[in-house]
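Worksheet for the structure shown next.
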Amino acid sequence: LGCGIIPKISIEFFSKPYVSIVWNPLVTTIAQEAAKDIYAGIRQWLHSFWNKLASCRDPIICIDSYQDGCHVSFLFRGKDLKRHYDAHDVLPIAAAQAAMLISGIKSRRAEPLNLVYEFDPQTAKWFPSYATLKDGRLVSNRNFLIALEQHPTGLSIGIHKGKKKLPRRK
């Protein structure tokens, strides 16, 4: 492990690389024992990898995958082992959240190309950091991304497009 290089992990599993991040679908779609062994192997390898990071200064680990035509990245920052273990434990939840966010963006007639998630150790949750869209726009408002991720696609989140202003209530 050369600490001068930012390590990057690309997880690819069969034709659906996202399945190796999202644990439950993997277990239910492939034989139970084989799926457990695959997940345990990935988990064991990552835990040994986290231990090797102790000698690096401010490492950034990126686990990449694809979901519905969108490149999804999960960033692990620093060398705090407990933080990485905690982040990895809830990674399947983050992967499911990312899938919901991609669906939410697409339901608003936009095409996400890249989506980046970062782990917040205070809340022990993954949050979207930013998204890039096919038309070149960058969505960096975390609150907007979180709202898209957590609200059903049929609900309005009070955003309008164009110069038309909404009337104020009195």
Side-chain angles (χ1 to χ4, degrees), residues 1-68 70-105 112-132 138-152:
L1 181 67
C3 292
I5 300 172
I6 296 176
K8 184 173 184 177
I9 302 169
S10 291
I11 294 179
E12 294 195 21
F13 184 77
F14 301 117
S15 63
K16 300 276 187 181
Y18 211 65
V19 81
S20 59
I21 296 175
V22 183
W23 166 241
N24 288 335
L26 179 64
V27 172
T28 57
T29 59
I30 300 176
Q32 289 283 339
E33 292 306 313
K36 286 180 186 177
D37 290 344
I38 291 167
Y39 184 77
I42 292 170
R43 182 181 172 87
Q44 183 180 5
W45 181 85
L46 278 173
H47 278 238
S48 68
F49 183 75
W50 301 138
N51 290 326
K52 292 178 183 178
L53 291 179
S55 63
C56 295
R57 191 186 81 194
D58 298 327
I60 299 173
I61 308 304
C62 179
I63 295 181
D64 291 325
S65 192
Y66 289 87
Q67 170 67 17
D68 200 11
C70 181
H71 176 243
V72 183
S73 299
F74 299 93
L75 301 181
F76 293 76
R77 294 182 182 272
K79 54 187 176 180
D80 180 347
L81 289 179
K82 183 183 178 335
R83 177 180 177 172
H84 292 322
Y85 291 154
D86 291 347
H88 183 256
D89 287 344
V90 294
L91 190 58
I93 296 168
Q97 289 173 305
M100 289 173 27
L101 178 53
I102 292 166
S103 177
I105 292 171
L113 288 180
N114 299 298
L115 182 57
V116 176
Y117 271 74
E118 295 191 52
F119 183 72
D120 178 22
Q122 254 104 47
T123 61
K125 293 181 181 180
W126 287 90
F127 291 104
S129 184
Y130 67 90
T132 55
L138 175 70
V139 181
S140 60
N141 183 327
R142 291 181 85 169
N143 292 331
F144 177 73
L145 291 171
I146 291 167
L148 279 178
E149 172 193 88
Q150 296 182 2
H151 288 88

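Note that the coordinates shown come from a computational prediction; the quantities given were computed from them, not determined experimentally. What's counted below: heavy atoms across the whole structure, side chains too, no hydrogens, waters or symmetry copies.
Among all heavy-atom pairs drawn from Asp64 and Ser73, the shortest one is OD1-OG, 2.7 Å. Of all the heavy atoms in Leu101 and Leu145, the pair that sits closest is CD1-O, 3.4 Å. Nearest heavy-atom pair, Ala94 versus Phe74, reported as atom, atom and distance to 0.1 Å: CB-CE2, 3.8 Å. The two residues His84 and Gly78 have their closest heavy-atom pair at NE2-O, 2.7 Å. Here the closest heavy-atom approach between residue Thr123 and residue Asp120 is recorded as OG1-OD2, 3.0 Å. In terms of heavy-atom proximity, Gly104 sits nearest to Leu148 at O-CD2, 4.3 Å.
With sequence neighbours left out, the side-chain contact (heavy atoms from CB on, under 4.5 Å) criterion links Asn114 to His71, Thr132. Listed by chain and number, the residues in a side chain to side chain donor-acceptor pair (under 3.5 Å) with Asp80 amount to none (sequence neighbours excluded). Contacts of Ser129 classified as side chain to side chain donor-acceptor pair (under 3.5 Å), with partners at least two apart in sequence or in another chain: Glu118. Residues satisfying the side chain to side chain donor-acceptor pair (under 3.5 Å) test with Ser48, not counting sequence neighbours, are none. Here Asp68 pairs with Lys106 under the salt bridge (Lys or Arg N to Asp or Glu O under 4.0 Å) rule; sequence neighbours left out. Tyr130 is linked by a side chain to side chain donor-acceptor pair (under 3.5 Å) to nothing, counting only residues two or more places apart in sequence or in another chain. Under the side-chain contact (heavy atoms from CB on, under 4.5 Å) criterion, Ala87 pairs with Phe76, Phe119, Trp126, not counting sequence neighbours.
Atom CG of Leu91 and atom CD of Gln97 lie 10.5 Å apart (nearest 0.5 Å). Atom CZ of Phe127 sits about 10.0 Å away from atom CG of Asn143, to the nearest 0.5 Å. The distance from atom SG of Cys70 to atom CG of Leu115, rounded to the nearest 0.5 Å, is 5.0 Å. Distance check, rounded to the nearest 0.5 Å: CD of Glu149 to OG of Ser103 gives 11.5 Å. Atom NZ of residue Lys79 and atom CG of residue Asp58 lie 7.0 Å apart, to the nearest 0.5 angstrom.
Pairs of residues two or more places apart, or lying in two chains, never qualify as salt bridge (charged side-chain N to carboxylate O under 4.0 Å, His left out) while including a residue from residues 138-147. Sorted by first and then second residue, the salt bridge (charged side-chain N to carboxylate O under 4.0 Å, His left out) pairs with a member in residues 89-103 read Arg43-Asp89; sequence neighbours excluded.
By the 6.0 Å contact criterion, NZ on Lys125 is open, its count of non-hydrogen atoms from other residues, nucleotides or ligands being 12 or less.
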Any chance you could lay out the side-chain contact (heavy atoms from CB on, under 4.5 Å) test for Val139 and Ile105, step after step, and finish with the verdict? CA-CA 10 Å; Val139 181; Ile105 292 171; over 6 Å; no

